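Each remark here refers to the structure printed beneath this line.
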Number of protein chains: 2
Amino acid sequence: MIKFKIILNILGKLLVGESFFLFISLLVSLIYQGNDTTAFLKAGLVTFAVGTFSYLLSKGVQKDLGKREGYIIVSLVWVVFSMFGCLPYLFSGAIPSVTDAFFETMSGFTTTGSSILNNIEELPHGILFWRSLTQWMGGMGIIVMFLAILPTLGIGGRELFVAEVPGPAPDKLTPRIKETARNLWGLYMLFTAIETILLYAGGMSFFDAINHSLTTMATGGYSTKQASVGFYTSPYIQYTIIFFMFVAGTNFTLSYGMITGRFTKVFKDEEFRFYALVVLFFAFIITLGLIAAGSVTGEQAFRDALFTVVSIITTTGYATADYLLWSPFLGMLIFVLFFVGGSAGSTGGGVKVVRILLLFKNSFYELKRLVHPNAVIPIRYNSKVVDQRTVTNILAFFVFYILIFMMSAVLMSFWTPDIYSAFSAVATTLGNIGPGFGEIGPMENFHNLPDLAKWFLAFLMMLGRLELFTVLVLFSPAFWKH
Amino acid sequence: MIKFKIILNILGKLLVGESFFLFISLLVSLIYQGNDTTAFLKAGLVTFAVGTFSYLLSKGVQKDLGKREGYIIVSLVWVVFSMFGCLPYLFSGAIPSVTDAFFETMSGFTTTGSSILNNIEELPHGILFWRSLTQWMGGMGIIVMFLAILPTLGIGGRELFVAEVPGPAPDKLTPRIKETARNLWGLYMLFTAIETILLYAGGMSFFDAINHSLTTMATGGYSTKQASVGFYTSPYIQYTIIFFMFVAGTNFTLSYGMITGRFTKVFKDEEFRFYALVVLFFAFIITLGLIAAGSVTGEQAFRDALFTVVSIITTTGYATADYLLWSPFLGMLIFVLFFVGGSAGSTGGGVKVVRILLLFKNSFYELKRLVHPNAVIPIRYNSKVVDQRTVTNILAFFVFYILIFMMSAVLMSFWTPDIYSAFSAVATTLGNIGPGFGEIGPMENFHNLPDLAKWFLAFLMMLGRLELFTVLVLFSPAFWKH
Ligand SMILES: [K+]
Ligand SMILES: [K+]
């Protein structure tokens, strides 16, 4: 029997938390005296009331959360948060359509950043701040979920990233959920604060600085400018954002280690090294390609290349250059990065660097196994043997990712003008990246799609954000019969 | 130490065999009195001489073939055969460029069917016959190789398809290589002969009938008409070809069982059922789509749909309708079939139906395993438990396929006008299909690509034909140090 009462209880508490962030946006709206003040007041009150009511309705329930309740909450919270999170858009009239408002909110919480808006600079400050805040909350939520909550619930397939990255027991992050979560949250806030100061120092308005910091650390990619980060021509601002996107795409337990002085551990981490290598290699090739094409000069070519590579691999999705105008070869390099994604334990989406790394390792070892069929050849990661169960899980994840990618593209092609846009829309939402190729390039957006397509893409965002299994398990008959 | 002498010995014998087929084409040329007679005479003599010389040079060598020599021969034979097989094109001037001639020949032997020719109907009969014959030889070669030779050499990863399909020991095809090969070869010739008679009876010229039968059974797709099978508007001819393409995409040991009366075995085979189901399902959806689009009526819509689906899933690549003109959704369904391929033990290429089936099964079971992490949940195929080693190999194959697909597309995008054509060229050559999407659709071809691109695609054809591992193992350092 699934205990629905405890689900109601926890979701209720979390909704009260969401109302807190809605009230912060109300404050922003009051400071800037926008026409969105009553919208936030109403949205905050409704969310607070529903949250409190749910909590009271299920008060006194046993607190021991089972694995299956865990799975349900972990998926449901994104839907429920988006349902209430889209209220300010609807109440203020900033986004009149329910479908569009839900899409924009789910895109926020999942840190995807695909947008249906094309009048961003006309929107009131409160709305823009709330839009950035959904991403920041989503980014923090996903780190805490994957690094602190899911492992405690024994939700499988992540042992590798969680237990192995910070090393064996003694130098793990503090074992208790609350302290782990608090440490990570603190780190996340610290990075956001530093980036805000640096961007402000570089000439951004304080409002824009804080918004871009919120969406950088979440690898979300929502911008307060229609032209995204391309609006700011300052190299200082662009390099600052590049640096923080790179940090946001790094495993936060590694960053925690870095801050607390364990430098060698960080630079010896295989995932981090591979991540840095891929970024430098792709940026180098694309720089050469852009210089050869002759449209931009040295430093600008390097900056455009590095910005785009880091923005896509970390799945942030900010744009400075329009990669659709690049040559097919350079465009293809960017497309490949759509399938890499950030590091495990970062706010980045996609397949994740560690999985790609282990897929390459396993492929290489499979050839070895063919030559020596009787030898036992285990895979090592960070000097430890990876057990067969984890390898199978990673392989299965990749196969799932590709199968879902293909099947979703078939469905999407119902609604898109060409095959190319269908692939692009699926790749960018499933990978939580944001901008796409074809009709939905970095300078275009999703508002022209039919409603059904938007609901489907919103589902893909959630599926990708929760790394497939966590959601898919709910569709498995084995889950429901016990 | 790798015994190069035995490699030389076997390749020599095989070259003498190739010269035999060149002399058959010489006969065809003599019958039709084309200007290609001396070309075949020269090509046949050169091939015969080199073969005989290699054989004599290595005469008296020990006959025991090791596994590593097996791997080398299995890859090298395609290169050597293509080197000599392109001589008639060069000597007759039908294809003056060495690159183009090699491409066309490798495309023939690998049964890919991608062509650089655009004046097919102007070519002499001998040349057209040789072109079809390369596919027929390649198709037969691949069946004999995978079902008879590789298992005897203990070359891994195929236990599932080879041992399990015909059932346990008693009803295996005769255990000795020679008899197995002879049975399969006989069946292949029988099917080719029956199709020739049926096509001739349907009004095709005898020459066209035999050529199309040769390339149907090979799932090769070379046609003697520039318009491919679309040249023949007769429904009888089209349905006949559909039937034999379907047979060619079926495991030949199953067809052998069918012929020898074991009907229930065939219809209970999981791969066959899944293959038939996919064909019917896709044909059904596409028929509806074509009728809805309104350009063709009932029977024709069904025939176009079924023909295209069977042509692509079996990786034959004949064209009657131009699927590039279909809606994005229908085009996308065809694109998905590019990644399925024929059955194991058929002449079809691609990922293979059994692998796709097992990937789906494993994905489904992976969810079950997440719900019950401590339960042992094995995968069953044709009522038998599939061992973990085979599952890992299939997963690794798929990952390799996708990684190679992506990396090759990056390389190809150097040479193609857009990303789309790059993906398409790689998908169609790696899957041994023939026609592609974009600039290389079913009514277009490969002659406009630069030379380097053609060599690379020829390599991909061979890689796909030998199911990746057999070739890739040669690039593994472990293979060479012993
Ligand atoms: K994003
Ligand atoms: K073919």
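Only this structure's heavy atoms are used, side chains among them; waters, hydrogens and symmetry mates stay out. A quick note: this is a predicted structure, and the numbers were derived from the prediction, not measured. The sequence lines fix the lettering, A, B, ..., with proteins before strands; numbering per chain opens at 1.
- Only the side chain of A/F339 comes within contact range of chain B, judged by heavy atoms closer than 4.5 Å.
- The candidate with the highest count of non-hydrogen atom pairs below 4.5 Å against chain A, out of B/L468, B/L472, B/T416, B/N362, is B/L472.
- For A/F400 and B/F360, the ring centers sit 6.0 Å or farther from each other.
- Ranked by heavy-atom pairs shorter than 4.5 Å toward chain A, the options B/L333, B/I356, B/L403 are led by B/L403.
- Counting heavy-atom pairs closer than 4.5 Å to chain B, the top-ranked of the candidates A/V391, A/I402, A/V336, A/L330 is A/I402.
- We find the CZ-OG distance between B/F469 and A/S363 to be 7.5 Å, quoted to the nearest 0.5 Å.
- Among all heavy-atom pairs drawn from B/P328 and A/P417, the shortest one is CG-O, 3.4 Å.
- Between chain B and the residues A/A422, A/A409, A/S476, the most heavy-atom pairs under 4.5 angstrom are made by A/A409.
- Between chain B and the residues A/V473, A/L411, A/V399, the largest count of heavy-atom pairs under 4.5 Å involves A/V399.
- In this structure, the side chains of B/T392 and A/E366 come closer than 4.5 Å at one or more pairs of heavy atoms.
- Atom OG of residue A/S327 and atom CG of residue B/D418 lie 12.0 Å apart, to the nearest 0.5 angstrom.
- Nearest heavy atom pair, residue A/V410 against residue B/F329, reads O-CD1, 3.3 Å.
- Not less than 6.0 angstrom separates the ring centroid of B/F475 from the ring centroid of A/F364.
- Residues B/F414 and A/M332 form no side-chain contact, since every pair of their non-hydrogen atoms from C-beta on lies 4.5 Å or further apart.
- In this structure, B/N393 CG and A/L395 CG are separated by 11.0 Å, a value rounded to the nearest 0.5 Å.
- Taking 4.5 Å as the limit, every side-chain heavy atom of B/F423 sits out of range of all side-chain heavy atoms of A/Y420.
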